[in-house]
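This report concerns only the one structure given below.
Positions are given from 1, in the same order as the sequence printed here. Indexing begins at 1, ligand by ligand and atom by atom, following the structure's order.
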Amino acid sequence: MKKLQMVDLQTQYEFIREQVDSSVLEIFKKGTFINGPSVKEFQSQLEDYLNVKHVIPCANGTDALQIALMSLDLKPGDEIITSNFTFAATVEVIALLKLKPVLVDIEEDTFNINCDEIIKAITTKTKAIIPVHLFGQVANMDKVMEIAKSNNLFVIEDNAQAIGAVYNSNKKSGTIGHLGTTSFFPSKNLGCFGDGGAIFTENDDLAHTIRGIVNHGMYKRYHHDVVGVNSRLDSVQAAVLKAKLPLLDQYNERRKKASILYTSNFRDNKNLITPIVKGNSQSHVFHQYTLRVLNGKRDELSKFLNDHKIPHGIYYPIPLHKQKAYIDREHKNWFKKLLNNTKDYNDEDFKVSIMMSKQVISLPMHSELDEEQINFISQKVNQFFKDLDS
Ligand SMILES: *Cc1c(COP(=O)(O)O)cnc(C)c1O
């Protein structure tokens, strides 16, 4: 059996080695490291793939979120509603911009933001909603867009985990809201060989603003029209992504197949809830295959898998409303005082995410996972529960 890994970047590389090596070597020879032709080429390739008017590449998925927020012309204290069960990057950028993160609970069946909770959290200061398509499954975007429209709010989709997912059988995830962002971190469904990210939009004005922001606010060299940042996708990463993008649908299809096999292997296991796919079959691209352990033994299962050298992850062990950085009571350092934009949260309002943080466990999931590996992992997981019963 091939070595078990959460992601297998080596095997994936083998299949695209020739194309990647030659295009990367050409960049080395020509010295076109920054803004080389591969960046523009990848950008338009991704615009075609997503069927979106503007893709603006940037340095990583966290920058993509920050820049998307910067483009909206918000003022300190404006409130941004997002999920409290996501990677910290989503919330961190809100806080850094002196905006106020307003965290809300998630749905039990999809791990995605709960739209009823969004409605409850809206105030006169609310300016935007950031749904996160967690683990690869598109959030309830029909409802999010409806809420946004009737309350005049922006929607930024954090699409870092769901690139290639299709919503309602026509739109690609990340192109439904006013802005979409993604990450090309190596372990994402479309990953480069370092850091990378991108912002998507149909809106010409926002696209123009964002193109300035990523480049120090410059539209003309040394004329700085807006306050910007330095956030670029470099030519080498773009060349890698150019080779991988044509394979993305195939990669996602293989993830889906792996998820189906896992789920069928767990069908008789009463201690587990397997992930569901809500909506059409392409609305989940399985960035993670995440189980819920119902008998309270998640941490023991984790130890058992460690003992059997089966990699796995717990995403996420602490809901964000319990992280010190985002809680009022923890106002100890000057930085948080300066920002003055934390909130006091009540566990009562986060019952689902608290429960999930204790139940979830993610198994190896990637496009190179084979049947033998999946069956081995499943058998070990099932054995853990059988041993408990006997
Ligand atoms: C990975 C990820 C990010 C951040 O992307 P980076 O490229 O690592 O900065 C943001 N949000 C979510 C949901 C992610 O999974």
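- Under the 6.0 Å cut-off for aromatic ring centres, H223 and Y219 do not qualify, their centroids lying 6.0 Å or more apart.
- In this structure, the ring of H287 has its center no less than 6.0 angstrom from the ring center of F135.
- Counting only heavy atoms of the protein, atom 9 (O) of ligand 1 lies nearest to T62 OG1, 2.5 Å.
- Counting atoms of ligand 1 from 1 in the listed order, those under 4.0 Å from a heavy atom of V132 are 13 (C).
- Nearest-heavy-atom check against atom 13 (C) of ligand 1 across N159, D158, D195 picks out D158.
- Polar contact with ligand 1: present for Q161 (N/O pair, distance under 3.5 Å).
- Considering every non-hydrogen atom in both V7 and H366, the closest pair reads CA-CD2, 3.5 Å.
- The aromatic ring centres of F85 and Y315 sit 6.0 Å or more apart.
- Within the set G136, A59, S183, the minimum heavy-atom distance to atom 5 (O) of ligand 1 is found for S183.
- For ligand 1, the polar-atom distance check finds no N/O of A160 at less than 3.5 Å from any of the ligand's N/O atoms.
- Using a 4.0 Å cut-off between charged side-chain N and carboxylate O, R292 and E108 make a salt bridge.
- Atoms of ligand 1 lying under 4.0 Å from any heavy atom of N60, numbered from 1 in the order shown and given with element: 7 (O), 9 (O).
- Applying the 6.0 Å contact sphere to NZ of K257 captures no more than 12 heavy atoms from other residues, nucleotides or ligands.
- From the protein, the heavy atom lying nearest to atom 1 (C) of ligand 1 is K188 NZ, 1.6 Å.
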